[in-house]
Protein chains: 2
Amino acid sequence: MPNPSHLRQSPQLVSLGGAIRTLRLAAGLSQEELAHLAEVDRSYLGRVERGDNNVAVMTLCQIARALDVSGAQLLELAQL
Amino acid sequence: MPNPSHLRQSPQLVSLGGAIRTLRLAAGLSQEELAHLAEVDRSYLGRVERGDNNVAVMTLCQIARALDVSGAQLLELAQL
DNA sequence: TTGTGACTTTCAGTCCGTC
DNA sequence: TGACGGACTGAAAGTCACA
């Protein structure tokens with residue numbers, strides 16, 4: 001695995017998390033509200049926003065949908 | 001989890017796999033060659049192309065880079 | 001409202017094969 | 001060359017309590 005994840009917070013994951021946070025705040029949602037919409041745990045969503053977790057595509061798309069954007073748009077915002 | 005993944009081959013993963021395959025063939029690469037470029041296992045890449053595996057974002061981006069596209073472009077091609 | 005630690009379960013991802 | 005499988009390890013996914 002190229003991303004040993006002992007090395008957490010890779011710049012890319014931090015960037016992705018930032019994009020999610022930006023969209024969430026723009027939508028005026030709390031982590032808890034977005035977590036509910038995306039059907040994930042609040043604390044898990046928090047970790048994703050901080051770049052502490054390497055999200056799977058399906059989960060990424062759930063979060064994207066909850067933010068009313070496509071997965072592609074989300075990655076684009078994160079410049080990935 | 002909305003995608004129990006015991007129920008493998010969700011339409012989205014199949015679509016993503018198809019997009020990867022399309023780009024790979026367009027580049028004239030074998031699964032093994034792309035797997036080597038993306039630094040993932042050949043059998044794993046095969047499963048991803050068939051939609052049998054829920055890829056993580058970091059891995060997705062590695063594969064995208066190996067195909068000379070961005071992660072966002074890859075998701076866009078898969079309409080995710 | 002969010003960050004974090006501790007924990008468990010499920011699966012991503014590797015390595016070995018065969019057809 | 002690719003489909004597909006078994007067995008394995010580390011990490012993604014999910015839960016809860018507490019600061």
Side-chain angles (χ1 to χ4, degrees), chain A residues 1-10 12-14 16-67 71 74-75 78 80, chain B residues 1-10 12-14 16-67 71 74-75 78 80:
Chain A
M1 289 287 90
N3 189 35
S5 195
H6 293 65
L7 316 172
R8 286 262 160 71
Q9 302 225 9
S10 84
Q12 296 145 340
L13 292 181
V14 173
L16 176 62
I20 293 173
R21 176 160 299 183
T22 301
L23 289 174
R24 175 175 65 79
L25 294 177
L29 298 169
S30 68
Q31 283 186 354
E32 183 144 7
E33 289 167 331
L34 177 56
H36 181 252
L37 286 173
E39 298 179 277
V40 299
D41 191 73
R42 169 191 77 73
S43 91
Y44 179 65
L45 179 62
R47 287 168 220 253
V48 170
E49 282 194 358
R50 271 172 272 130
D52 280 350
N53 266 269
N54 186 10
V55 193
V57 213
M58 294 295 288
T59 311
L60 179 83
C61 288
Q62 282 173 220
I63 297 175
R65 272 202 317 275
L67 288 166
L74 191 47
L75 280 201
L80 299 182
Chain B
M1 286 281 90
N3 188 34
S5 195
H6 292 69
L7 314 172
R8 286 262 158 68
Q9 302 224 6
S10 84
Q12 295 145 336
L13 292 181
V14 173
L16 176 61
I20 292 173
R21 175 160 301 181
T22 301
L23 289 174
R24 175 175 64 79
L25 294 177
L29 297 169
S30 68
Q31 283 185 351
E32 185 143 6
E33 288 167 333
L34 177 57
H36 181 252
L37 285 173
E39 299 179 277
V40 299
D41 192 72
R42 88 184 148 71
S43 94
Y44 180 65
L45 180 62
R47 287 170 213 222
V48 170
E49 283 194 357
R50 273 173 267 131
D52 280 349
N53 266 267
N54 186 10
V55 194
V57 211
M58 295 294 291
T59 310
L60 180 84
C61 288
Q62 284 175 43
I63 297 175
R65 272 202 317 274
L67 288 167
L74 191 47
L75 281 201
L80 297 181

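Please read all numbers here as calculations on a predicted model, not as lab measurements. Within every chain, numbering begins at 1; the chains are lettered A, B, ... in the order of the sequence lines, protein sequences first and strands thereafter.
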Pairing residues for B/Arg50 by the salt bridge (charged side-chain N to carboxylate O under 4.0 Å, His left out) criterion, not counting sequence neighbours:
B/Asp52

Rounded interatomic separation in angstrom, taking [atom1] from [X] and [atom2] from [N]:
{"X": "B/Asn54", "N": "D/dA11", "atom1": "CG", "atom2": "C1'", "value": "13 Å"}
{"X": "A/Asn53", "N": "D/dA11", "atom1": "CG", "atom2": "P", "value": "11 Å"}
{"X": "B/Leu45", "N": "C/dA12", "atom1": "CG", "atom2": "C1'", "value": "14 Å"}

Taking side chain to side chain contact (heavy atoms under 4.5 Å, CB included) as the definition, give me every residue that meets it alongside A/Ala19, ordered by chain and number, with sequence neighbours left out.
A/Leu74, A/Leu77, A/Ala78

Comparing B/Gly46 with A/Tyr44, nearest DNA chain D nucleotide closer to 5' gives the residue B/Gly46

Can you measure from [atom1] ([X]) to [atom2] ([Y]) and round to the nearest 0.5 angstrom?
{"X": "B/Asn53", "Y": "B/Leu13", "atom1": "CG", "atom2": "CG", "value": "8.5 Å"}
{"X": "A/Gln31", "Y": "A/Asp41", "atom1": "CD", "atom2": "CG", "value": "10.5 Å"}
{"X": "A/His36", "Y": "A/Leu45", "atom1": "NE2", "atom2": "CG", "value": "13.0 Å"}

Which salt bridge (charged side-chain N to carboxylate O under 4.0 Å, His left out) pairs, counting each pair once, include a residue from residues 22-35 of chain B, with sequence neighbours left out?
B/Arg24-B/Glu49

Runs of at least three Watson-Crick or G-U pairs with DNA chain D, cut-off 3.5 Å
C:2-19 with D:2-19

Check the interface with nucleotides 5-7 of chain D: list each N/O to N/O pair with the protein under 3.5 Å, or write none.
unit_1 : atom_1 : unit_2  : atom_2 : d
D/dG5  : N7     : B/Arg47 : NH2    : 3.4
D/dG6  : O6     : B/Arg47 : NH2    : 2.8

Numerically ordered, the residues 27-35 of chain B set in heavy-atom contact under 4.0 Å with DNA chain C is none

